[in-house]
Amino acid sequence: YYLGESYFKNKEYLLAVAEYEKLTRRMAFSPFVEDARFKICESYRIESPKYYHDQEYTEKAIERYQEFLDDFPDSKLNDAAVKSIENLRGKLGKKIYETGILYMKLDEFESAKMTFQLVIDQYYDTSIINYAHQGMVRSLAKNREIENAIALLNQNEIDLIGSGLYNCLLYTSPSPR
């Protein structure tokens, strides 16, 4: 455990993960297991790069946080784990959303529709959802599916107005912050 801690404090997160993993495998009843499991999650979260890079560590972090929540449902660290999952899911949603924007710039509206739909289906609980709805409305309109665009716009009108994206639909799409 302490070797893992020293790696963690020296910002050598992947080495810390290896040591924490050894502890959890070899000494499953150690009083340090809960903290080690959480530090594994944190290490992957810290190693998670910006949204435009490969998201392997982001996905590992989410998976490990979920395992932590399942295995330690009464932990005092659960709120931090849930918050981290939300942030990491937002990053994954933004990556897919930005892919949709790229398809729009390339005039590949059918691909953009599929991409925005993926964000809507999988990342409905993140802050990117209103941008995805806006992108979907635009891609439907550009693909000459006006009735579907109007229906989706009407369905999400309140959320789009609340987030300041409703009036932007006639102009260039702002990028989420």
Side-chain angles (χ1 to χ4, degrees), residues 11 13-14 17 37-71 77-177:
K11 299 181 180 181
Y13 301 109
L14 298 180
V17 166
R37 293 274 304 275
F38 187 75
K39 291 280 179 66
I40 290 169
C41 303
E42 288 290 289
S43 296
Y44 282 129
R45 179 189 58 80
I46 293 167
E47 286 292 317
S48 170
K50 302 261 187 222
Y51 74 91
Y52 43 81
H53 293 295
D54 179 42
Q55 295 301 304
E56 176 184 1
Y57 291 130
T58 305
E59 291 165 357
K60 281 186 178 183
I62 291 171
E63 181 181 323
R64 292 305 183 93
Y65 276 122
Q66 193 58 56
E67 289 172 4
F68 178 83
L69 291 172
D70 293 344
D71 293 344
L77 301 169
N78 282 1
D79 289 340
V82 169
K83 184 70 175 157
S84 292
I85 288 172
E86 290 171 3
N87 290 337
L88 293 166
R89 283 182 46 75
K91 186 189 298 189
L92 292 176
K94 184 173 182 179
K95 180 175 182 76
I96 297 171
Y97 168 79
E98 291 293 340
T99 302
I101 293 299
L102 179 61
Y103 282 131
M104 291 292 288
K105 290 177 181 176
L106 297 172
D107 292 336
E108 295 290 339
F109 306 119
E110 194 64 36
S111 297
K113 277 179 16 188
M114 292 183 339
T115 305
F116 291 131
Q117 189 61 52
L118 183 63
V119 175
I120 292 167
D121 291 344
Q122 292 186 359
Y123 300 98
Y124 52 86
D125 58 342
T126 65
S127 60
I128 201 76
I129 190 67
N130 290 327
Y131 289 98
H133 283 131
Q134 181 196 43
M136 180 62 99
V137 169
R138 283 180 177 224
S139 63
L140 287 167
K142 294 271 191 177
N143 207 33
R144 303 195 190 288
E145 298 176 44
I146 303 303
E147 293 83 20
N148 292 340
I150 291 170
L152 185 63
L153 183 60
N154 290 336
Q155 181 182 352
N156 296 290
E157 182 175 10
I158 293 171
D159 292 334
L160 290 170
I161 290 172
S163 60
L165 299 174
Y166 186 82
N167 293 331
C168 296
L169 280 169
L170 299 176
Y171 307 106
T172 58
S173 174
S175 187
R177 285 147 193 82

Counting C-beta onward and ignoring hydrogens, is there a side-chain heavy-atom pair between Asn130 and Asn156 closer than 4.5 Å?
no
Any sub-3.5 Å donor-acceptor pair from Arg138's side-chain atoms to Ile101's backbone N or O?
no
Distance-minimising heavy-atom pair for Gly100 and Ala112
O-CB, 3.7 Å
Look at atom CG of Asp121 and say whether more than 12 heavy atoms of other residues, nucleotides or ligands are closer to it than 6.0 Å.
yes
Rounded distance (nearest 0.5 Å) linking atom CG of Leu92 with atom CG of Leu118
10.5 Å
Heavy atoms only: give me the nearest Phe68-Cys41 pair and the separation to one decimal.
CB-SG, 4.0 Å
Considering only heavy atoms from C-beta outward, does the side chain of Glu42 approach that of Ser84 to under 4.5 Å?
yes
Just wondering, do Pro49 and Thr58 contact through their side chains at under 4.5 Å, heavy atoms?
yes
Is any NZ, NE, NH1 or NH2 atom of the basic residue among Glu86 and Arg89 found under 4.0 Å from an Asp or Glu carboxylate oxygen of the other?
no
Kindly say whether Lys50 contributes a backbone atom to a donor-acceptor pair with the side chain of Gln55 at under 3.5 angstrom?
yes
Say you draw a straight line from OH of Tyr124 to CD of Gln122; how long is it, rounded to the nearest 0.5 Å?
9.5 Å
Would you say the side chain of Glu145 lies within less than 4.5 Å of the side chain of Glu110, judging by non-hydrogen atoms?
yes
Could you pull out the closest heavy-atom pair between His133 and Leu152, with the gap in Å?
O-CD2, 4.1 Å
When rounded to the nearest 0.5 Å, the distance separating NZ of Lys39 from OH of Tyr13 is 10.5 Å
Taking the side chain as every heavy atom from C-beta outward, state whether Tyr57 and Leu14 have any pair of such atoms under 4.5 Å apart.
yes
Flag for Glu56-Tyr44: side-chain donor and acceptor within less than 3.5 Å
no
So, are Lys60 and Glu63 salt-bridged, with charged N and O less than 4.0 Å apart?
no
For the ring pair Phe109 and Tyr103, is the centre-to-centre distance below 6.0 Å?
no
Heavy-atom closest pair, residues Leu140 and Lys113:
CD2-CD, 3.6 Å
Spacing of Met104 atom CE and Leu106 atom CG [to the nearest 0.5 Å]:
10.5 Å
Of Lys91, His53, Glu59, which meets side-chain hydrogen bond (donor to acceptor under 3.5 Å, both in side chains) against Ser48?
Lys91
Between CG on residue Leu88 and OG1 on residue Thr126, distance to nearest 0.5 Å
12.0 Å
Do the side chain of Asn143 and the main chain of Ser139 share a donor and acceptor less than 3.5 angstrom apart?
no
Here the gap from Ile85 atom CD1 to Tyr65 atom OH, rounded to the nearest 0.5 Å, amounts to 8.0 Å
Beyond-backbone contact of Glu67 with Arg37, side-chain heavy atoms, under 4.5 angstrom
yes
Could you tell me whether the side chain of Thr115 reaches within less than 4.5 Å of the side chain of Leu102, counting heavy atoms only?
no
